> 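Could you have a look at this structure, given as structure tokens, before my questions?
Residue numbers start from 1 in every chain, and the chains themselves are labelled A, B, ... in the order their sequence lines are given, proteins ahead of strands. This one's a predicted model, so the numbers in the text were calculated from it and none came from an experiment.
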Amino acid sequence: MIDITLPDGSVRQFVDGATGYDVAASISEGLARNALGVRVNGEVRDLHRPIEQNANIEILTWNDQAGKATFWHSSAHLMAEALEALYPGVKLGIGPSIENGFYYDVDFGEGRSISSDDFVNVEKKMLELAKNKSQYVRREVPKAEAITYFEEKGDPYKLDLLQGLEDGTITFYTQGGFTDLCRGPHIPDTSPIKAVKLMNVAGAYWRGDEKSKQLTRIYGITFPKAKELSEYLERLEEAKRRDHRKLGKELELFAFSDKVGAGLPLWLPKGTALRERLEQFLRRAQVKAGYLPVVTPHIGSKELYVTSGHYEKYGADSFQPIKTPNPGEEFFLKPMNCPHHCEIYKTKPRSYRDLPLRLAEFGTVYRYEQSGELHGLTRVRGFTQDDAHIFCRPDQVKEEFLKVIDIVLYVLKALDFPDFTAQISLRDPENKTKYIGSDENWARAEAAIQEAAQEKGLKTVTELGEAAFYGPKLDFMVRDAIGRKWQLGTIQVDYNLPERFDLEYVASDNSRQRPVMIHRAPFGSLERFVAVLIEHCGGNFPLWLSPEQFAVLPISEKYQDYAQQVYDRLMQAELRGSLDSRDEKIGRKIRDAEMAKVPYMLIVGEKEQENGIVSVRRHGEGDMGSMPIDAFIRNFQDQVNEMTQAI
RNA sequence: GCCGUUUUAGCUCAGUGGUAGAGCACUUCCUUGGUAAGGAAGAGGUCAUGGGUUCAAAUCCCAUAAAUGGCUCCA
């Protein structure tokens, strides 16, 4: 008999050789029916593989990430079987599960290919095969036999993979008429695969090596229920609708021009209104938190970057130096603001009493991203960081972290990102030599970050070995309205630059000490943040940020003068908006304003003019009734104040 | 950077080896209206750029540029 420990801690006894299925069946019939695999002492295995000894067991279903991965990996095999049936002689590479679905790398042979038009046939074949309820059968195979099998089959990629495998560890999985070299695990049989969708094809090199042959990678996803597939596709559609590149164009926020250059965004008037509002918002919060705004140039001399160490790092793969008529003189576009700020620190002797010194700048930097890396506003070649550098004493690190966390939390609250986690990146304790800075300072800073995060009650994950060579960091990851994760704000400790720039302060005992530098950017960059914000709110920005907060819509030309008065009054009150004086019917003006996602539409006609009121319509909600202009303004300002109130 | 796909009017997109198309937007006129599209007329394009094939290229071929999906998630 063996003892099986379940996740709730209870222990049950089973006969030797019992399987995960037996365990599931002993719990409930439903669980046995839905089980896809089993985790045995942390290792995911086939449900029907015998368990040899006492173990901790967790039954995996569709609700577990590991269960999904097993399901999708098995689906990749099913797709391979379908491809072999439809394209005889196709050569198979690898076919793993991925975050959403699976892929298989295949070689169709000379002159043959697949396009998305062929997907329907493959999907049909997969569903047909799945209905056979073929079992996924695991078999341990001696290496020699495995080699013979694939030599006969003529599959060079599998043979290549076998090269790297130890005899005795090789397993085959067979379902229906298809056998694959595979470590597993797999679901019991093909029948749960009820819905199939092939997503796209892409080229991929064998083993990711550019010099190897290019294979065709086919991506797909499967589900146990047709409804789940349609929900998944609906989510993809929703993401497409919210795509910041599409909304940015439709709402006239930003644009790109080939003449200006790839990855260099042009901020249009409405996008600029949004961006300046964000800047202003953070600027105010920072002034309250004791930051000192500074401004530095967009370029710096070669010497600056030799000192900072960026010169070595940003070589031939980056923007090239700017030359001057003066031989030998070279300038670089700044890839970050830190070196300039270090030079500001050095403009005069600093006392321990001056610290912390917090220098803030919305600094525009330029980095030459590879052309394939560019993506809308999230990955660009010129962008503006909401940067600041805090120069402080080692004993002040924790307090400064607490204060920065406050700012980040303020930003996340005002912009309605309730769901976020903080990632603490520490040194690799096994390999302390690759980091710069004293052991004592590292220990102190790491403790400071952890304590600060804990005191603020942040939901944290700690990653060892993820710290930069120059210091530990804290990154904020947010989850947006449709469940996607983004990395935004970052706080990093830096021991490197103070060293390189030989920064000092005079301590109370008149000794010279090295300050610690903290880099921090609550938004990350304005470009990236705006992109995430657009997708988060689907273009319906919080009222205080909206580039166009209201539109005055006169019913006809007769009320043009009154409409103008209303508009002027709102502009005086520092609301942003427009007056639609086109010769169109009111229905049309409302439709256009709704499409432009304008939060408030103010309709004015005969009765509004007579009574000095406005009829208010809220975007997406409809008619809110009428009220005096000043009442509307008060109401509006109350809403804005509530949203941007300090926490 | 590498591989695939794409590039036609301001936008979204049809189209074909033989005179360039639609809807929306824009301009003008009619219409003066009450909570998501009133009507008519008009203007607008070297079909991304540069080469080549052809009697003829926006269409076929090559190169370049940009956009886009991949190139990491190990049988």
Side-chain angles (χ1 to χ4, degrees), chain A residues 69 72-73 76-77 80 92-105 113-116 141 146 150 155 157-165 169-173 179-184 199-219 243 245-246 249-250 252 255-264 316-317 368-376 553-560 582-596 598 601-608 615-626:
Chain A
W72 284 330
H73 185 191
H77 280 227
L92 301 168
I94 60 169
S97 69
I98 51 176
E99 195 181 339
N100 287 304
F102 57 88
Y103 67 79
Y104 219 114
D105 283 346
S113 64
I114 190 169
S115 78
S116 45
V141 183
F150 283 109
D155 211 325
Y157 305 105
K158 297 294 179 188
L159 286 168
D160 189 19
L161 290 170
L162 277 168
Q163 295 265 315
L165 296 179
T169 63
I170 294 167
T171 50
F172 277 11
Y173 275 83
T179 297
D180 202 358
L181 172 67
C182 181
R183 181 164 44 199
M199 304 304 294
N200 52 15
V201 283
Y205 295 105
W206 174 238
R207 293 187 168 242
D209 180 355
E210 229 174 81
K211 294 179 196 78
S212 297
K213 192 169 164 56
Q214 174 119 23
L215 305 180
T216 305
R217 176 166 297 180
I218 305 175
Y219 288 87
D243 192 314
R245 294 168 298 184
K246 177 173 170 285
K249 194 183 266 181
E250 283 173 8
E252 298 180 8
F256 290 92
S257 149
D258 284 3
K259 276 216 176 70
V260 174
L264 299 169
D317 294 334
Y368 191 80
E369 301 292 347
Q370 289 194 347
S371 61
E373 297 286 335
L374 298 175
H375 180 92
L553 312 179
I555 297 226
S556 85
E557 279 175 13
K558 283 189 253 170
Y559 314 108
Q560 191 61 237
R582 291 177 304 166
D583 178 12
E584 291 289 351
K585 289 169 89 163
I586 191 66
R588 178 49 181 276
K589 293 184 183 180
I590 287 171
R591 180 185 150 81
D592 288 348
E594 287 281 353
M595 302 279 280
V598 178
M601 284 150 274
L602 303 174
I603 291 126
V604 295
E606 189 178 358
K607 66 175 194 259
E608 286 78 12
S615 281
V616 180
R617 184 188 162 99
R618 178 84 221 219
H619 169 72
E621 288 174 32
D623 197 348
M624 315 286 283
S626 54

> Taking the P atom of each, how far is U59(B) from U46(B), in whole Å?
15 Å

> Calculate the interatomic distance between Leu165(A) atom CG and C74(B) atom P; express it in whole Å.
15 Å

> Given the C1' atoms of U68(B) and C29(B), what is the spacing between them in whole Å?
43 Å

> Rounded to whole angstroms, how far apart are CZ on Phe102(A) and P on G70(B)?
16 Å

> Measuring only the P atom in each nucleotide, how far is A66(B) from U28(B)? A whole number of Å is fine.
39 Å

> Nearest-Å distance, CG (Asp243(A)) to C1' (A67(B))?
12 Å

> Please report the distance separating the P of G50(B) from the corresponding atom of C3(B), rounded so that it comes out in whole Å.
24 Å

> Which part of the nucleic acid does Ile590(A) contact within heavy-atom distance under 4.0 Å: base, sugar-phosphate only, or nothing?
base

> So Glu584(A), base contact, sugar-phosphate only, or nothing? Heavy-atom distance under 4.0 Å.
base

> Across the strands shown, which category fits Asp623(A) at heavy-atom distances under 4.0 angstrom: base, sugar-phosphate, nothing?
base

> Write down the distance separating the P atoms in G70(B) and C11(B), rounded off to the nearest Å.
25 Å

> Could you check whether Ser97(A) gets within reach of a base, just the sugar-phosphate, or nothing at all, counting any heavy atom under 4.0 Å?
sugar-phosphate

> Which part of the nucleic acid does Ile603(A) contact within heavy-atom distance under 4.0 Å: base, sugar-phosphate only, or nothing?
base

> So how far is it from Ile94(A) CD1 to Asp105(A) CG, rounded to the nearest 0.5 Å?
5.5 Å

> For a quick check of understanding: with a heavy-atom distance under 4.0 Å over all strands, which category does Tyr219(A) fall into, base, sugar-phosphate or nothing?
sugar-phosphate

> If we call it a pair only when both distances are under 3.5 Å in a Watson-Crick or G-U wobble match, what pairs with G17(B)?
none

> May I ask you to say what Glu608(A) touches in the nucleic acid, namely base, sugar-phosphate or nothing, with a heavy-atom cut-off under 4.0 Å?
base

> Take atom CD1 of Ile586(A) and atom P of U35(B), then tell me their distance rounded to the nearest Å.
9 Å

> When rounded to the nearest Å, what value does the distance between C1' atoms of A9(B) and G15(B) take?
15 Å

> Which part of the nucleic acid, if any, lies within contact of Gly587(A), taking any heavy atom under 4.0 Å across all strands shown: a base, the sugar-phosphate backbone alone, or nothing?
sugar-phosphate

> Nearest whole angstrom, please: distance from the P of U32(B) to the OH of Tyr559(A).
12 Å

> Using the C1' atom as the point on both nucleotides, what is the distance between G33(B) and U49(B), in whole Å?
49 Å

> Ignoring backbone atoms, establish whether Lys585(A) has a side-chain N or O less than 4.0 Å from OP1 or OP2 of U31(B).
no

> Can you check the Leu553(A) CG to U35(B) C1' distance for me, whole Å?
9 Å

> Within the sub-3.5 Å range, which N or O atoms of nucleotides 4-13 of chain B have a protein N or O partner, and how far apart are they?
unit_1, atom_1, unit_2, atom_2, d
U12(B), OP1, Lys249(A), NZ, 3.2

> Would you say the side chain of Asp583(A) and the base of G33(B) hold a donor-acceptor pair, judged only by whether the two atoms sit under 3.5 Å apart?
yes

> Please name the nucleotide paired to C29(B) by Watson-Crick or G-U wobble geometry with both distances under 3.5 Å, or report none.
G39(B)

> What is the base-pairing partner of U64(B), counting Watson-Crick and G-U wobble geometry with both distances under 3.5 Å?
A48(B)

> Kindly say if Arg245(A) contacts the phosphate of U68(B), meaning a side-chain N or O under 4.0 Å from OP1 or OP2.
yes

> Report which part of the nucleic acid Arg217(A) touches: base, sugar-phosphate, or nothing (heavy-atom distance under 4.0 Å, all strands).
sugar-phosphate

> In whole angstroms, how far is the P atom of G34(B) from the CE atom of Met601(A)?
18 Å

> Contact class for Lys607(A) vs. all strands (heavy atom < 4.0 Å): base, sugar-phosphate, or nothing?
base

> What is the separation between atom CD1 on Ile94(A) and atom C1' on G70(B), rounded to the nearest whole Å?
14 Å

> If you assign each of Arg591(A) and Ser556(A) to its closest nucleotide in RNA chain B, which residue comes earlier from the 5' end?
Ser556(A)

> For G45(B) versus G10(B), give the span between their P atoms, rounded off to a whole number of Å.
8 Å

> Does His619(A) make a side-chain N or O approach to OP1 or OP2 of A36(B) shorter than 4.0 Å?
no

